[in-house]
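The structure under discussion appears below in the form of structure tokens.
Note that these values count all heavy atoms, side chains included, but never hydrogens, waters or copies made by symmetry.
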Amino acid sequence: MKLYSAPKSLYVAFDVYPAAKGSATHIRHFYAAMKQSLSPSVLYTLGNETQAVYEQRTGEEVVRFRYPQAPFFERVDAFQQQLFDLLHQSAHTLAVCHFRDVWGGMPVLLHRARSRAAYRTVFEVNAFMSIELPYRFPEMSEALLKQIETQELWCLQQSDHIVTPSYRLKEQLLQKASISPEKISVIQNGAEVNIPPMPRMPDAPLHYFIYFGATQPWQGIEELLRAFGYVHARYPNLHLVMCLSSKEKKNRQWVKLSRKLGLAEAVVWRYELPQSILYRHVQHAIASIAPLTACRRNMEQGACPLKIIESMAMGVPVIASDLPIVREIMQDEQEGLLVRAGRPALLARQMQRLYESPSLRLRLAQQARHTATQRFNWEEKKQALQAVYQRLLTSSAQAVFTPSGAF
């Protein structure tokens, strides 16, 4: 892939963009901040079968990697090889390279070390692949996971700066790697805080709770469906709207479970909705549910659940699992209600309580919107990232990088 500009910045994400999920929203806002500070810029991401592999606009080039129907690590290797090619073309003009995962970080850091390029690097840590991959590939060997963990540690140590969306994750980073706290900036997720009221979707139920987002095991979908089963038994007029960021065929197990629980008519399924339609569903919900499980992924690393912040910004109260990463965003009885994770009966009780008390819903909704406006404005988050870039570029300290033979 040939680049036509002399880019000042490069943003790398091993993730499909754009897409109907929180990570894509995060990429959109952070890449916008990069373009505002360091244009022309290149965005290198994954692409699906309907997306162009190359797009050029004023001040930016978008390169999408497509390598369908191949084993995961074969795709990772091909993604990295193409990234090396992009770096070979642009390293002499780049000022900043920003990457979101070890798959992008290894080529960015190794190429700089070997070519002695001068660009500065930002490692945006939202998760550890060594923790998340076993959920996707349970058969993955301990030896391979250890190798990935070693690469993560190397990227943490060799990058110039680290950005992470939660204080919980910053604590884990400090334990994981011998790095200075000053090297890490916590920039929490944000939300659009000025979304106007929108009309109810014509096909939406009259009274409903909502879940929106992905369906990985740590999201707590089974617990939510079981909790709603208790609620629906008492209030048959209530519905649960499930707005999922993945395709219908990937969620058949959840549809099957809802039917098994006698909820076939009570659960409404929606898939890969555009943001404008999703927000209309969210705005008219009784509450937004975030039933995260107390698993290693959420307890040891966690991120900053975007669904909670977006719900708050739209004035919708949240019922969420009582986890450290959630308490960074909302407080019990303030912006919503917190429930012990993995307890469907307790979750059902709080759903019933909120449904039965319009005055409680109103109070929580008002506080949620206020908190989101004051603390989670995307514009402020983008300014914080731009400040990181500026500090890097004005810093006189130049790190020395030595590539490891292990990689």
- Task: Using the test salt bridge (charged side-chain N to carboxylate O under 4.0 Å, His left out), find all partners of Arg363 that sit at least two apart in sequence or belong to another chain.
- Result: Glu333
- Task: For Leu83 and Trp103, run side chain to side chain contact (heavy atoms under 4.5 Å, CB included): C-alpha distance rounded to whole Å, both residues' side-chain angles, the deciding distance at 0.1 Å, then the answer.
- Result: CA-CA 10 Å; Leu83 178 54; Trp103 317 131; over 6 Å; no
- Under 4.0 Å between a Lys/Arg side-chain N and an Asp/Glu carboxylate O for Glu223 and Arg226? no
- Task: Report, as yes or no, whether the 6.0 Å neighbourhood of atom CG on Asn194 holds more than 12 heavy atoms from other residues, nucleotides or ligands.
- Result: no
- Query: More than 12 foreign heavy atoms under 6.0 Å from CZ of Arg259: is that the case here?
  - Reply: no
- Tyr355: which of Phe228, Phe209, Tyr235 passes ring-ring contact (aromatic ring centres under 6.0 Å, His included): Tyr235
- Query: Would Tyr230 and Gln352 count as a side-chain hydrogen bond (donor to acceptor under 3.5 Å, both in side chains) if you check the C-alpha gap in whole Å, the side-chain angles of each, and the deciding distance to 0.1 Å?
  - Reply: CA-CA 9 Å; Tyr230 297 136; Gln352 291 175 9; over 6 Å; no
- Query: Is Arg64 paired with Glu55 through a side-chain N to carboxylate O contact shorter than 4.0 Å?
  - Reply: yes
- Below 4.0 angstrom, N of the basic side chain to O of the carboxylate: do Glu142 and Lys146 qualify? no
- Item | Residue pair Arg270 / Asp203, side-chain heavy-atom distance below 4.5 Å | yes
- Message: Does Arg200, at its CZ atom, have more than 12 non-hydrogen atoms belonging to other residues, nucleotides or ligands within less than 6.0 Å?
- Response: yes
- Answer yes when Glu49 and Arg66 have at least one side-chain N-carboxylate O distance shorter than 4.0 Å, and no when they do not. no
